[in-house]
Engineer: 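Below is the structure I would like to discuss, written out as structure tokens.
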Number of protein chains: 2
Amino acid sequence: MAYADQYIDKLRKSGLRPTKQRIKICEVLFDADKTFHFTIKELVKIIENQANIKVSLATVYNTVHAFMKKGYLKEIPLNASQSYYDTNVSHHHHFFDEEENKLIDIHQEDVDEVKIKRTIPGKKIRSVEVIAKIVSDNQSQK
Amino acid sequence: MAYADQYIDKLRKSGLRPTKQRIKICEVLFDADKTFHFTIKELVKIIENQANIKVSLATVYNTVHAFMKKGYLKEIPLNASQSYYDTNVSHHHHFFDEEENKLIDIHQEDVDEVKIKRTIPGKKIRSVEVIAKIVSDNQSQK
DNA sequence: TAATACATTATATTTATTCTAAACTGTTGA
DNA sequence: TCAACAGTTTAGAATAAATATAATGTATTA
Ligand SMILES: [Mn+2]
Ligand SMILES: [Mn+2]
Ligand SMILES: [Zn+2]
Ligand SMILES: [Zn+2]
């Protein structure tokens with residue numbers, strides 16, 4: 001299946017018609033060699049740089065939300081004033097570099113399974129995420 | 001040391017003068033039998049209900065931030081449009097009930113130490129937090 | 001008590017996000 | 001062929017959390 005067809009497929013499955021703007025969003029999100037993390041503002045900037053298409057904020061938000069609902073994108077819980085999204089939808093964890101404000105993936109196999117001994121009656125666990133905040137290691141201070 | 005003195009102590013150590021408003025904030029935050037989680041809006045509501053003191057939003061934000069800086073409060077990373085704070089500043093983890101939008105503590109001893117095998121050169125880990133999202137367990141669906 | 005530094009407050013500002021409503025587009029079927 | 005319709009895009013407005021401002025009030029200390 002060609003890339004464009006994959007995008008059209010993802011869009012259709014998300015309940016969206018494949019329009020010029022939405023396919024451009026797909027190209028940026030799903031054509032990358034690697035998965036990546038982004039904020040909406042960053043995504044808009046990438047689109048503006050890569051294409052001569054103008055895409056409105058509203059369309060970007062709507063499309064990102066539709067993809068999230070379908071599981072093609074994940075939102076990363078971070079204490080920030082803006083949302084971070086992830087094109088890596090596999091189960092994994094994160095470092096958050098507090099100085100660079102950057103997320104770094106930690107593959108699932110690099111963390112022993114998180115075993116929680118406590119349960120809440122009537123509730124089940126839907127996901128477990130680890131966030132390790134990192135800062136510069138100034139070895140000077142021993 | 002009497003409660004009020006403890007509050008005055010906390011305030012002074014946070015670089016704040018002990019004023020009527022700030023002592024009231026302390027009463028709500030640190031006089032509870034148990035630690036708890038709150039949003040700024042909730043905190044303001046509690047103060048309004050418990051006291052006939054009016055405290056402005058600005059004062060609440062400033063005081064909460066000063067306490068955070070000093071380590072008397074923690075901010076919980078949650079994917080939400082508003083910040084959640086925690087009066088439990090010990091190292092622990094959380095359930096987040098996605099239906100009730102409520103945080104529940106998981107004591108450190110209820111989670112095996114999270115061992116991360118990957119390291120980032122020049123960086124050191126400052127904190128590791130686990131967030132387990134929970135939802136109703138409709139046992140009907142096997 | 002007076003001078004000073006700090007605090008409180010109402011209000012304005014900022015910023016991410018969501019909403020709205022008007023213009024536009026692609027599809028369908030008479 | 002083209003009118004009707006459903007869905008789309010967009011600029012701009014609305015919302016809401018958080019922060020900044022600046023005038024007024026209060027605690028501190030000499
Ligand atoms: Mn969202
Ligand atoms: Mn903050
Ligand atoms: Zn990731
Ligand atoms: Zn907690």
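All figures in this text were calculated on a predicted structure; none of them were measured in a lab. Each chain gets a letter, A, B and so on, in the order the sequences are listed, and its residues count up from 1.
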Engineer: For A:Lys41 and for A:Arg12, find the nucleotide of DNA chain C with the closest heavy atom, then tell me which residue's nucleotide is more 5'.
Structural biologist: A:Lys41

Engineer: Could you tell me how far apart B:Met68 (CE) and D:dT19 (P) are, to the nearest whole angstrom?
Structural biologist: 8 Å

Engineer: Among C:dA16, C:dA10, D:dT10, which is the nearest nucleotide to the side chain of A:Gln82?
Structural biologist: C:dA16

Engineer: Between A:Val44 and A:Tyr61, is any pair of side-chain heavy atoms under 4.5 Å apart?
Structural biologist: no

Engineer: If the test is side chain to side chain contact (heavy atoms under 4.5 Å, CB included), which one of B:His92, B:His93, B:His94 qualifies with B:Ile106?
Structural biologist: B:His93

Engineer: B:Glu99: which residues meet the side chain to side chain contact (heavy atoms under 4.5 Å, CB included) condition with it, sequence neighbours left out?
Structural biologist: A:Lys123, B:Asp97, B:Val135, B:Ser136

Engineer: Taking the side chain as everything from C-beta on, heavy atoms only, tell me whether B:Arg12 gets closer than 4.5 Å to B:Pro18.
Structural biologist: yes

Engineer: Can you measure B:Tyr85 atom OH to D:dA17 atom P for me and round it to whole angstrom units?
Structural biologist: 12 Å

Engineer: Expressed in angstrom and rounded to an integer, what is the separation of A:Glu75 atom CD from C:dA16 atom C1'?
Structural biologist: 12 Å

Engineer: Scan A:Phe38, A:Tyr84, A:Phe36, A:Tyr85 and name whichever one has a side chain to side chain contact (heavy atoms under 4.5 Å, CB included) with A:Leu103.
Structural biologist: A:Tyr84

Engineer: Residues from residues 14-29 of chain B sitting under 4.0 Å of DNA chain D, heavy atoms only?
Structural biologist: B:Arg17, B:Pro18

Engineer: If only side-chain N and O atoms of B:Ser81 are considered, is one of them under 4.0 Å from the OP1 or OP2 phosphate oxygen of C:dA16?
Structural biologist: no

Engineer: Provide, to the nearest angstrom, the distance between the CG atom belonging to B:Leu57 and the P atom belonging to C:dT14.
Structural biologist: 18 Å

Engineer: Could you check whether A:Glu42 pairs with A:Lys45 (Lys NZ or Arg NE/NH1/NH2 to Asp/Glu carboxylate O, under 4.0 Å)?
Structural biologist: no

Engineer: Where the side chain of B:His65 is defined as all heavy atoms beyond and including C-beta, which of C:dT9, D:dT10, D:dT19 is the nearest nucleotide?
Structural biologist: D:dT19

Engineer: Please list, one pair per line, the donor and acceptor atoms closer than 3.5 Å that link side chains of residues 111-122 of chain A to other protein atoms, with sequence neighbours excluded.
Structural biologist:
residue  : atom : partner  : partner atom : Å
A:Asp112 : OD1  : B:Lys117 : NZ           : 2.9
A:Lys117 : NZ   : B:Asp112 : OD1          : 3.0
A:Arg118 : NH1  : B:Asp105 : O            : 2.5

Engineer: CG of B:Asn62 versus C1' of C:dA7: gap in Å, rounded?
Structural biologist: 9 Å

Engineer: Rounded to the nearest angstrom, tell me the gap between atom CD in A:Glu48 and atom C1' in D:dT10.
Structural biologist: 14 Å

Engineer: How many Å lie between CG on B:Leu78 and P on D:dA17, as a whole number?
Structural biologist: 15 Å

Engineer: Taking any heavy-atom pair under 4.0 Å as a contact, classify A:Thr59: base, sugar-phosphate, or nothing.
Structural biologist: base

Engineer: Which nucleotide wins on minimum distance to the side chain of A:Ser56, given the candidates D:dA18, C:dA10, D:dA11?
Structural biologist: D:dA11

Engineer: Could you state the atom-to-atom distance from CD of B:Glu42 to P of D:dA18 in whole Å?
Structural biologist: 11 Å

Engineer: Any idea which of C:dA16, D:dT10, D:dT19 is nearest the A:Tyr61 side chain?
Structural biologist: C:dA16

